[in-house]
Amino acid sequence: MCGITGWASFHSDARTQAPVIEAMTATLTPRGPDAGGVWLGERAAIGHRRLAVIDLEGGVQPMTDRPDEPDLVLSYSGEVYNHHALRTELRARGHAFRTRSDTEVVLRAYAEWGEAVAEHLEGMFAFAVWDERAQRLLLVRDRLGVKPLFWATVDGGLAFASEPKALFVHPEIRPRVDADGLREAYSLLFNTGPTVWSAVREVEPGGVLVLDRGGIRERRYWQLEATGHTDDQDTAIQRVRTLVGAAARSQLEADVPLCSLLSGGIDSTVLTALLADELRLREGPDARVRSYAVDYSDQAERFTGDVLRTGHDTPYAIEAGAFIGTDHSTVVLDPRALLDPEHRKAVVVARDSPIGVGDMDTSLYLLFGEIRRHSTVALSGEAADEVFGGYPWFHNPKALAAETFPWLLVTGDEAAMPLNPELDLRIGEFRDDTYRAALAAVPHADGESPAEHRQREMQHLSLTRWLRQLLHRKDRLSMAQGLEVRVPYCDHRLVEYAFTTPWVLKSFDGREKSLLRAMGSGLAPDSVLHRPKNHYPATHHPDYNRGLQQLARDALATEQVRALADETRIKPCLDTPPDRLEWGHRLRLERVVDLALWLDHYRPELAL
């Protein structure tokens, strides 16, 4: 896992701008703490920061097809899990290899297939190839958008980076926010393409962007399709077990210490069990995978359920670790650490955005920091809810009937910091327009019943929107600590199969995630298999709420924050007794604090 950046321009000589590409690359050092390098040509500058995971000696980047006068230059982030099979195929086609890295496989694959390279890759990746012969820059992003890739135009071309902060070092790109950007950030619709920054866009998941002398063009090489499904229940369960198992096994490869994130839910427990079984097959019966969970020092005594959380995770995680036979650790965080301004600032800078989820972001960042002391790679159960129908909105009649994005019934305005009405952002209209466009993009199969039709919409919205912000969160906060997180449930073959599976099979036992629960029989304790859905934990300590209220008061003392925030709707949250502050109202305060930190760090031009 790494950080990539650079630019290509047909109006300037990049060889005269070495300090610029070096500075852009340096901003991504947390993503790649092990090494860094740049390549300069007449029309392109390419930078790379490396987190060494596979072939520690041979995977140095930027990588070129030959040492002297290269035709191809690659800056690559991610992991391609089918690189062994591709290497064999490419060798048969006459390609020679200098290293055993998956990076070189991507480079040689481009040499063989050109712009069609993405269709041959399986994994999570974002990369740029400068083709000196064709005078062409190619940007590619993985199918689900696990790895980020941003770009912005410059004179005669474009610049790209794993994170917007690297783009802002380029002299032609400034941090600027307009009304459209605020709508994107605070509407909670999770579009891809536009960002909070007016000059910066994302490469679409499953997308390719090409720059040459003819200009910029984009295309999608992958998207969800509603094809036919003929498997019965038993066949579907077996097929899911095969796909999840194959994804888990393929992602166990690393030349550095590896671990699993084990929350005590069904998603992470089934995944960890598969990883543990495979590790014992490879290394012997005594091999044990490390597993980690997060908790708060007050949680056992103070846990109170809310709309997102039904129980205390730690006992289930400990039971699951013992059942599987992992080397399990619980990272216990103190509420005061979550209030530390330096920790909160680090999270905002990692995200490049004022929109997050407060203490849940800070705790994840601190958890990843603790894990990084022992492991460089962690595997996560992210995306199982989207793939198998785990969220409440798949099962709630009110959510199914609502003519809006389903998560807004849970989060919505109550969980987003209310913006100053004088800004007249018309977020309601923006949500309505975006929702109609999102539904129009959903593929449907012939002969769907109304119930199947609606469930197809719910899953498509969850996979193409809700999941994207979760993947951004996990990537940014893990890479800020130099930790690579892999997400086997995002394997595109599993996602494709689940998307075509009828809802009646996904919910055959009358509950959420029926197929995952059935395939996980024997892999997890019954208590975990039948446990209700539980979201990432939040602290319940009144001292945290009290400290957060004070941070929010300090934030509102800033003129720019007051100009953007609706004080009349925030003030009641400040006056609520700390032990009675509801989660949604608390999240308003979290975002006021984050807004102040974001404005102070980036000093964006506000064009409102």
Side-chain angles (χ1 to χ4, degrees), residues 141-146 148-152 177-209 216-227 353 355 383 385-387 389 391 393-394 396 398-413 415-416 419 423-446 448 450-472 492 495-496 499-500 503:
R141 193 173 180 198
D142 66 69
R143 294 166 179 83
L144 272 295
V146 180
L149 185 53
F150 297 87
W151 65 280
V177 178
D178 57 21
D180 287 337
L182 288 182
R183 277 190 284 269
E184 290 292 344
Y186 286 96
S187 65
L188 306 181
L189 306 187
F190 314 118
N191 287 312
T192 52
T195 70
V196 64
W197 305 106
S198 59
V200 178
R201 296 183 62 82
E202 283 187 86
V203 175
E204 290 276 355
V208 169
L209 184 149
I216 296 171
R217 64 182 187 276
E218 296 181 82
R219 70 175 178 88
R220 298 286 294 276
Y221 67 89
W222 182 87
Q223 55 190 340
L224 289 167
E225 297 179 357
T227 56
S353 168
I355 287 293
D385 286 302
E386 290 81 1
V387 171
Y391 289 118
W393 53 76
F394 287 103
N396 185 316
K398 182 180 177 181
L400 290 167
E403 295 183 0
T404 190
F405 293 96
W407 50 86
L408 294 178
L409 301 178
V410 177
T411 58
D413 288 336
L419 294 172
L423 296 172
D424 193 25
L425 294 177
R426 297 184 294 177
I427 283 182
E429 293 178 36
F430 178 71
R431 282 175 171 159
D432 292 343
D433 292 343
T434 305
Y435 183 65
R436 285 190 290 270
L439 289 189
V442 179
H444 290 283
D446 294 337
E448 285 181 346
E452 286 287 349
H453 187 95
R454 183 55 173 157
Q455 289 292 354
R456 183 94 63 190
E457 292 175 341
M458 299 294 261
Q459 188 168 25
H460 195 270
L461 294 173
S462 299
L463 284 166
T464 61
R465 289 178 175 272
W466 180 258
L467 177 60
R468 290 179 182 180
Q469 54 95 17
L470 296 179
L471 293 175
H472 263 304
H492 72 278
V495 173
E496 289 170 346
F499 187 69
T500 63
W503 181 250

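Numbering of residues begins at 1 and proceeds along the displayed sequence.
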Could you check if a side-chain atom of [X] sits within less than 4.5 angstrom of a side-chain atom of [Y], using non-hydrogen atoms only?
X: E225; Y: F499; value: no
X: I355; Y: V196; value: no
X: W407; Y: R465; value: yes
X: E457; Y: H444; value: yes
X: R183; Y: D180; value: yes
X: L409; Y: W393; value: no
X: Q455; Y: L400; value: yes
X: R456; Y: H453; value: no

Quiz item: So which heavy atom on F150 is nearest to which on H472, and how close?
Solution: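 Scanning both residues completely, I find the closest heavy atoms to be CZ-CE1, 3.6 Å.
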Self-check item: Least distance between heavy atoms, A152 atom then A199 atom
Solution: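 Scanning both residues completely, I find the closest heavy atoms to be CB-O, 3.1 Å.
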Drop me the distance from [X]'s [atom1] to [Y]'s [atom2], to the nearest 0.5 angstrom.
X: L439; Y: E403; atom1: CG; atom2: CD; answer: 9.0 Å
X: F190; Y: L461; atom1: CZ; atom2: CG; answer: 12.0 Å
X: D385; Y: L463; atom1: CG; atom2: CG; answer: 11.0 Å
X: T404; Y: R436; atom1: OG1; atom2: CZ; answer: 10.5 Å
X: L408; Y: W466; atom1: CG; atom2: CH2; answer: 8.5 Å
X: L224; Y: T500; atom1: CG; atom2: OG1; answer: 10.0 Å

Quiz item: In a check of side chain to side chain contact (heavy atoms under 4.5 Å, CB included) between P205 and each of L144, T192, L471, which one passes?
Solution: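 It is T192; the other options fail the test.
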Quiz item: According to the salt bridge (Lys or Arg N to Asp or Glu O under 4.0 Å) rule, which pairs have a member within residues 186-203, sequence neighbours left out?
Solution: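 Residue pairs passing salt bridge (Lys or Arg N to Asp or Glu O under 4.0 Å), neighbours aside: R141-E202.
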Exercise. Using modelled atom types only, decide if a donor and an acceptor are shared between the side chain of R454 and the backbone of P450 within a distance under 3.5 Å.
Key: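 No, because the side chain of R454 does not come within donor-acceptor range (under 3.5 Å) of the backbone of P450.
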Quiz item: Can any side-chain N or O of Q459 pair as donor or acceptor with the backbone N or O of E386 at less than 3.5 Å?
Solution: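 Present.
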Quiz item: When you look at L425 and Y186, which way does the side chain to side chain contact (heavy atoms under 4.5 Å, CB included) test go after all the steps?
Solution: CA-CA 10 Å; L425 294 177; Y186 286 96; over 6 Å; no
Quiz item: Given the rule in the side chain to side chain contact (heavy atoms under 4.5 Å, CB included) test, do L419 and I427 qualify, once you have shown the distances and angles that lead to the verdict?
Solution: CA-CA 10 Å; L419 294 172; I427 283 182; 4.1 Å; yes
Exercise. Just jot down the ring-ring contact (aromatic ring centres under 6.0 Å, His included) partners of F430, sequence neighbours excluded, or say none.
Key: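 ring-ring contact (aromatic ring centres under 6.0 Å, His included) check on F430 returns nothing, list empty.
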Quiz item: side chain to side chain contact (heavy atoms under 4.5 Å, CB included) between V200 and W151: does it pass, once the steps are laid out?
Solution: CA-CA 6 Å; V200 178; W151 65 280; over 6 Å; no
Quiz prompt | R219 CZ: over 12 foreign heavy atoms closer than 6.0 Å | solution =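 Yes.
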Quiz item: Got a sec, which residues hit side chain to side chain contact (heavy atoms under 4.5 Å, CB included) with N396, two or more places apart in sequence or on another chain?
Solution: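 Side chain to side chain contact (heavy atoms under 4.5 Å, CB included) check on N396 returns K398, A399.
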Quiz item: Aromatic ring centroids of F394 and W503 under 6.0 Å?
Solution: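 Yes.
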